[in-house]
Protein chains: 2
Amino acid sequence: MEPCAPRFAQQLKKGILEMLVLQLIARRPSHGYELLLRLREGSSGLLTLKEGTLYPILYRLEDEGCIVSAWQNQAAEGRPMPRKVYTITPKGLDTLNAEQQVWQAFRACVDTFTGRDEA
Amino acid sequence: MEPCAPRFAQQLKKGILEMLVLQLIARRPSHGYELLLRLREGSSGLLTLKEGTLYPILYRLEDEGCIVSAWQNQAAEGRPMPRKVYTITPKGLDTLNAEQQVWQAFRACVDTFTGRDEA
DNA sequence: ATATAATGCTTAGCGATACTAAATATTATG
DNA sequence: CATAATATTTAGTATCGCTAAGCATTATAT
């Protein structure tokens, strides 16, 4: 029998990560590695992703037209490597708004069950 | 391109459903069909599951020792069919407590990103 | 010089879980 | 007798985070 809690935490991330990544990019265009750091620091380590988790999310968001990417190759002195910077699109903003509303409804729903109310 | 919001809502359910089902059974032992109704009514229709979604969750919880089941075959007048009533176990209660704590942390984390703070 | 670390992107394969869809069975109602 | 409501079971699919590994560039340490 495997422990329940870690698996539970892992499953909770599914889906929500896309919204959080979109949110971060909306706040400030970033490249992948920077998003990894912002996620980890902004969550006190709770959202410490591997690259293999983040990049597929970025490719998916780009396929859906929610973000666009651009290589920053020009040497900006001291920058170690070429980066791919992601920026949110109008469609991405719409998606983000829709997802935030879904999240609010979902959160309220779960809280209802977790609270003292009848169900 | 598929719509983002419905897929997003579906993904959010993953993982949380197990906690909610456990919560409902902890509050009052129930059979599967009744859980389906309680979930639907308690969520204003947001959590309207098919049987094929709920029963695998119940079997999983039973395999893990979080709940136990007992057939109620005896005719209780007017009862249409034999039912399998699920009851939470001590391990199930422990699991529920742990999952609720994970949920609280997760919720706080997401709200941090969704709010106005820096990230 | 060369090994190591830090930065940065990509991809293949796996596992967990909600979904659709259907089959089965009993009782009450038309 | 047909239909609906109740009630459980299971087969197959899709999504998505995970592990794991590989490649490439620059800075630092040995």
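Labels below follow one simple rule: chain letters A, B, ... track the order of the sequence lines, proteins then strands, and each chain is numbered from 1. What you are looking at is a predicted structure, and each value in this text was computed from that prediction instead of being measured.
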Legend entry - B:R7 side chain near C:dA18 phosphate (N/O to OP1/OP2, under 4.0 Å): no
Inset, instruction - Identify which nucleotide among D:dA7, C:dA18, C:dC9 has an atom closest to any side-chain atom of B:K14, counting heavy atoms from C-beta outward. - result: C:dA18
Inset, instruction - Under 4.0 Å between any heavy atoms, over every strand shown, what does A:L49 touch: base, sugar-phosphate, or nothing? Just pick one. - result: sugar-phosphate
Legend entry - Nucleotide D:dT26, atom P - distance to OH of A:Y33 in whole Å: 16 Å
Inset, instruction - Test for a donor-acceptor pair under 3.5 Å between the base of C:dT17 and the side chain of B:K13, counting only N and O atoms. - result: no
Inset, instruction - Apply side-chain contact (heavy atoms from CB on, under 4.5 Å) to the pair B:L54 and B:L58, showing each step before the final yes or no. - result: CA-CA 6 Å; B:L54 176 65; B:L58 291 173; 4.0 Å; yes
Inset, instruction - Determine the minimum heavy-atom distance between B:L12 and A:F106, stating which atoms define it. - result: O-CZ, 3.3 Å
Legend entry - Residue mapping more 5' on DNA chain C - nearest nucleotide basis, B:Q10 or A:E34: A:E34
Legend entry - Residue B:Q11, side-chain atoms from C-beta onward, closest of C:dC19, C:dT20, D:dT15: D:dT15
Legend entry - Ion pair A:E18/A:K13, N-O distance below 4.0 Å: no
Legend entry - Along DNA chain D (nearest heavy atom to each residue), the more 5'-positioned of B:Y86 and B:L37: B:L37
Legend entry - Rounded interatomic separation in angstrom, taking CG from A:D63 and P from C:dT11: 11 Å
Inset, instruction - Look at B:E34 together with B:R28 and state whether they make a salt bridge at an N to O cut-off of under 4.0 Å. - result: yes
Inset, instruction - Check whether any side-chain heavy atom of A:W71 sits under 4.5 Å from a side-chain heavy atom of A:R83, and report yes or no. - result: no
Inset, instruction - Figure out the CG/C1' separation between A:L12 and D:dT15, and round it to whole Å. - result: 16 Å
Legend entry - Out of D:dT6, C:dT10, C:dG8, whichever nucleotide has its closest atom nearest the side chain of A:K84: C:dT10
Inset, instruction - Could you list by number each residue of residues 51-61 of chain A showing a heavy-atom separation from DNA chain D of less than 4.0 Å, or answer none if no residue does? - result: A:G52, A:T53, A:I57, A:R60
Inset, instruction - Flag the pair A:E64 and A:K91 as a salt bridge only when some basic side-chain nitrogen lies within less than 4.0 angstrom of an acidic carboxylate oxygen. - result: no
Legend entry - Closest non-hydrogen atom pair between B:C66 and B:T95, with its separation: SG-OG1, 3.6 Å
